[in-house]
Amino acid sequence: NHALVQGKTMAVQQPMDASVQMFSDVLSNLSAKRVSSPSIVDLMSLELAEPSELDEWFLSGGAADLGITPSKRETGKPIYDIIVARGLYESHWREEWVAMYQTHISFYAPMQRNPFKIAFRDIGKIRDVDIPDESSPLPGLFVSIIETSWECYYLAFPSFDTRFTFHQHANRAIYSCDAEEGIIPHPIQPEDEADPINIEQRASHVSLSRWAPISLSQKAKQRVVLNNRRMTFDTEAWTIKNIDDKAVDETYVVERSIGCFVENLLSRALSFTEYSLAESPHDFILFLDDTSRLRTIPLSCLDFSSVETMCIFVNIYHCLFQHALLLSANGPPTKRSIARFMNCTCYEIGDDVFSLAEIEHCVIRARMSRPANNRVSFVSVPKVSHNHYYYALSTFACDARINFFLNTGATSNLGSVSILSPLTMNEQINAACSKFLDKELTIDSKKRLILLPKICDIYRNDFGNGDSNSCLYFCLQFVNSDKQNAILSLMEGNVAAIKFQNFCDTYHLNLSMEA
């Protein structure tokens, strides 16, 4: 379905990757339908060519063949060098000259003089992976992975022997560096591991990305995907097994499996603080590896009208928010940075990408009202994100409670979130609403003033007729009896003033789990 393909990922991918994705989807559809029409087969054959002389030069030669002159900042000659294909992301691998020095490895792109470097002291391990050709991004090549704390670097070699030789030299250099406690004489740039958790710096260093930039205030801002430590072929895939029992709903089984995984993921995210990251970085690395698995979720198998899928996306939203807060080197977002924070901080889910703003407005709140108050500093989504309305949930179409439950990180929200589960969802949301309104709905009996949460002003059309009285009466059902009686007493004679809290532009340092 050409329209379906374009409506999902095509609008936010780089043009080249969009074309590759579309062609791949067409081939998959043809293969699934076992198309045997001679005209279609002939047309596909025309697109296939015999290996050329240029193909034979792939991953051969040295630095000069790629037009590379090593940087003058390098000290001495490399102890080993080779040309490899480095994975920038799944569908984009680039020939690079790799030069191994005593304290680090330098990676040079063709015709470039400034490499990026990985210090041996930052390498956790180098592992080889044997990938079946049907799932390999580069069938026939041999892949090795350099693991650091925050990134995995994927290298493809032309043969088993060249990969083995590279591994041997790297291991010797790592052990030698550890023994001598070597120090790199020059700063490692531009992709340094020294400050891996600065999201804005990571975004500025992304020269090539699968996803097209976001336009904010007429400026292009690159998306920052936080769950791409591992490529999809290097994660545990979701296996959809055939269910023999016809009484069992296969969609339910898949959704519950994904739902349990996401609930556990959020639980782990909420257990971290800025202090625990320093104390137990290994636990956070395992968490990063598991977030990479979100990229293999089969979105086509989810029912976007089900409670389970709604819980999945609300939990993913809170997980991404906590993940982003933990990795923010400059502290929590501010009034000036919140738009970029919400629109550029992303998870890849399935074969698509979702920012915080896209999950909130295009998925969870998609069928609810638009902001009624344009005077507040409201974070909206740019036009390029509108294709994400394809994933709109129908569960919350008329449920205004989501305004109180969904945590936007502002200090006007609770500092904790609940892990939604389908069986206890209603009780959890009601409890969160009560706790939120106990904090944000305030009464001044002397001034006969009732202050409602600002969120009621922004989305007032979610609450009955959209007036302040409708907002207040909706909130009454969640407050305790003492506050109810006080409000009803003030409302007698219609002399009470109903106003809204001021807009909050300060944010929590991180979130915690609701007890």
Side-chain angles (χ1 to χ4, degrees), residues 314 317-318 321-322 324-325 332-343 356-362 364-381 396 398-418 429-445 447-480 483-484 486-487 490-491 496-511 514:
V314 171
Y317 172 85
H318 286 142
F321 213 114
Q322 170 74 342
L325 288 175
T334 63
K335 181 179 180 179
R336 185 176 179 181
S337 67
I338 187 61
R340 179 173 181 174
F341 182 89
M342 295 294 291
N343 281 289
L356 282 166
E358 286 163 347
I359 297 176
E360 178 182 356
H361 298 293
C362 302
I364 299 173
R365 286 194 47 87
R367 303 184 191 277
M368 300 184 71
S369 69
R370 301 297 92 195
N373 188 340
N374 295 324
R375 292 175 295 176
V376 299
S377 301
F378 170 75
V379 177
S380 59
V381 292
F396 270 142
C398 301
D399 196 336
R401 295 181 301 168
I402 191 60
N403 293 300
F404 304 145
F405 181 81
L406 201 64
N407 198 313
T408 61
T411 51
S412 57
N413 287 109
L414 301 174
S416 60
V417 296
S418 298
I429 294 178
N430 285 338
C433 290
S434 296
K435 193 170 182 179
F436 172 77
L437 290 171
D438 184 58
K439 172 177 178 287
E440 285 298 301
L441 196 160
T442 60
I443 303 169
D444 189 332
S445 299
K447 295 182 180 180
R448 302 189 65 85
L449 176 65
I450 302 172
L451 283 177
L452 295 175
K454 190 62 179 180
I455 195 75
C456 293
D457 184 25
I458 298 173
Y459 295 115
R460 60 172 60 198
N461 292 323
D462 286 342
F463 306 93
N465 297 324
D467 57 279
S468 56
N469 282 339
S470 296
C471 295
L472 176 60
Y473 286 120
F474 180 88
C475 295
L476 273 178
Q477 61 186 306
F478 300 108
V479 299
N480 58 54
K483 186 171 282 189
Q484 280 183 352
I487 290 173
L490 287 175
M491 292 296 291
I498 304 174
K499 295 184 179 181
F500 299 95
Q501 302 277 8
N502 293 325
F503 184 79
C504 177
D505 54 13
T506 58
Y507 295 84
H508 292 291
L509 188 63
N510 57 261
L511 302 175
E514 179 63 35

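Note that these values count all heavy atoms, side chains included, but never hydrogens, waters or copies made by symmetry. Here, residue 1 is the first one in the sequence, and each next residue gets the next number.
Checking N461 against R370 by side-chain atom types alone, no donor-acceptor pair falls below 3.5 Å.
Under the 6.0 Å cut-off for aromatic ring centres, Y459 and F463 do not qualify, their centroids lying 6.0 Å or more apart.
When all heavy atoms are compared, the tightest approach of C475 to L452 is SG-CD2, 4.4 Å. In plain terms, the two heavy atoms of N469 and M491 that are nearest each other are OD1-CE, 3.8 Å. Between T408 and F321, the closest heavy-atom pair is O-CZ, 2.9 Å. Between I443 and K483, the shortest heavy-atom distance links the atoms CD1-CG, 3.6 Å. Heavy atoms only, all atoms of each residue included: S337 and T334 are closest at OG-N, 2.9 Å. The shortest non-hydrogen separation linking H318 to N407 is NE2-N, 3.1 Å.
For the atom pair I402 CD1 and I455 CD1, the distance stands at 10.0 Å (nearest 0.5 Å). Rounding to the nearest 0.5 Å places CG of L406 at 5.0 Å from CD1 of I364. To the nearest 0.5 angstrom, C471 atom SG is 12.0 Å from I450 atom CD1. Here the CG-CG distance, from L451 to D444, works out to 8.0 Å after rounding to the nearest 0.5 Å. Interatomic distance, R401 CZ to D462 CG, rounded to the nearest 0.5 Å: 13.0 Å. To the nearest 0.5 Å, atoms SG (C433) and CG (L414) are separated by 9.5 Å.
With Q501 contributing its side chain and E440 its backbone, the two residues share a donor-acceptor pair below 3.5 Å. A donor-acceptor contact shorter than 3.5 Å is absent between the side chain of H508 and the backbone of L325. The closest donor-acceptor contact from the side chain of E514 to the backbone of S416 lies at 3.5 Å or more, if one exists at all. Checked by atom type and distance alone, the side chain of R460 never pairs as donor or acceptor with a backbone atom of S468 at under 3.5 Å. With hydrogens and angles disregarded, no donor-acceptor distance shorter than 3.5 Å links the side chain of E360 to the backbone of A357.
For D438 and K435, the salt-bridge test fails: no basic side-chain N is under 4.0 Å from an acidic carboxylate O.
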Between K454 and N502, is the side-chain contact (heavy atoms from CB on, under 4.5 Å) condition met? List the steps. CA-CA 6 Å; K454 190 62 179 180; N502 293 325; over 6 Å; no

Applying side-chain contact (heavy atoms from CB on, under 4.5 Å) to F503 and I458, what does each step give before you reach the verdict? CA-CA 10 Å; F503 184 79; I458 298 173; 4.2 Å; yes

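The closest side-chain heavy-atom distance from C456 to N403 is not below 4.5 Å. Here the side chains of F341 and P332 are not in contact, with every heavy-atom distance at 4.5 Å or above.
Using cut-offs of 30° and 60° on the angle between ring planes, the pair F478 and F404 is perpendicular.
Remark: K439 NZ is packed, more than 12 non-hydrogen atoms of other residues, nucleotides or ligands lying under 6.0 Å away.
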